[in-house]
Amino acid sequence: MIPVCRLEDLPAGESVRLDTTPPVAVFNADGALYAVDDTCSHQDASLSEGWLEGCLVECPLHAATFDLRTGQPTCLPARRPVRTHRVSVVDGTIHVHLTEPAAVPVPVPASATSAIVPAGVSGAGSLSATAHSTLTGEGSAA
Ligand code: FES
């Protein structure tokens with residue numbers, strides 16, 4: 001949970017950028033608080049410097065728009081979403097709860113008799129080897 005600022009310091013229609021890794025943009029838009037990855041999924045532009053219209057933010061570089069509720073682009077040239085993050089207000093201070101990267105491998109339990117490792121998951125090679133070994137008995141003491 002990362003503190004952002006006091007609620008009164010982020011008025012409606014404004015945004016703030018957090019220098020986290022990756023950077024996060026927090027918006028007060030359309031009567032709600034939203035947080036998304038700050039870097040546009042098209043190229044290297046800061047969405048916190050974009051323009052708000054309702055719960056959409058328009059990228060300042062090539063004008064792709066993103067829905068702050070879902071992170072999904074609503075027009076080209078952006079094709080990929082930006083991650084969304086949960087926002088809370090505790091004692092008048094806005095906090096962001098950073099979302100785990102979507103490609104975090106899920107450990108396979110040692111007792112698993114079957115496992116499905118999604119294709120393209122970062123680190124899937126080592127997970128596949130573990131699952132294969134579990135399923136076939138390879139690597140176990142003879
Ligand atoms: S960098 Fe955002 S639309 Fe191109």
Side-chain angles (χ1 to χ4, degrees), residues 1-140:
M1 187 163 87
I2 299 172
V4 178
C5 64
R6 299 287 302 167
L7 184 57
E8 61 268 21
D9 293 334
L10 188 62
E14 295 292 325
S15 62
V16 64
R17 180 181 189 270
L18 300 180
D19 286 326
T20 50
T21 305
V24 169
V26 183
F27 298 87
N28 183 345
D30 204 25
L33 298 168
Y34 300 98
V36 299
D37 280 351
D38 184 53
T39 305
C40 179
S41 64
H42 177 235
Q43 285 183 7
D44 194 18
S46 172
L47 295 177
S48 66
E49 296 174 10
W51 294 273
L52 282 171
E53 185 169 329
C55 58
L56 300 178
V57 62
E58 180 180 315
C59 177
L61 196 53
H62 304 115
T65 57
F66 294 88
D67 189 322
L68 295 172
R69 298 169 295 186
T70 63
Q72 292 292 328
T74 59
C75 70
L76 296 173
R79 295 178 187 273
R80 292 177 290 114
V82 290
R83 286 185 307 161
T84 59
H85 306 280
R86 189 165 69 84
V87 180
S88 64
V89 179
V90 178
D91 295 330
T93 298
I94 300 169
H95 293 82
V96 168
H97 307 254
L98 291 184
T99 304
E100 292 293 322
V104 171
V106 177
V108 177
S111 62
T113 56
S114 65
I116 299 172
V117 179
V121 171
S122 175
S126 59
L127 284 175
S128 294
T130 301
H132 180 73
S133 175
T134 301
L135 293 172
T136 63
E138 290 177 12
S140 60

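Just follow the structure's listing: the first ligand is 1, and inside any ligand the first atom is 1.
L52 places none of its side-chain heavy atoms less than 4.5 Å from the side chain of E14. Within the 4.5 Å cutoff, the side chain of V16 has no heavy atoms near those of the D9 side chain. Counting heavy atoms from C-beta on, the side chains of M1 and S88 come closer than 4.5 Å.
For C75, the side-chain contact (heavy atoms from CB on, under 4.5 Å) partners two or more places apart in sequence, or in a different chain, are T65. Residues passing the side-chain contact (heavy atoms from CB on, under 4.5 Å) test with I2 are L18, T20, L98, sequence neighbours excluded. Residues passing the side-chain contact (heavy atoms from CB on, under 4.5 Å) test with R17, sequence neighbours excluded: D19, P23, D38, S46, S48.
Among protein atoms, those of element N, O or S found less than 2.8 Å away from atom 4 (Fe) of ligand 1 are H42 ND1, H62 ND1.
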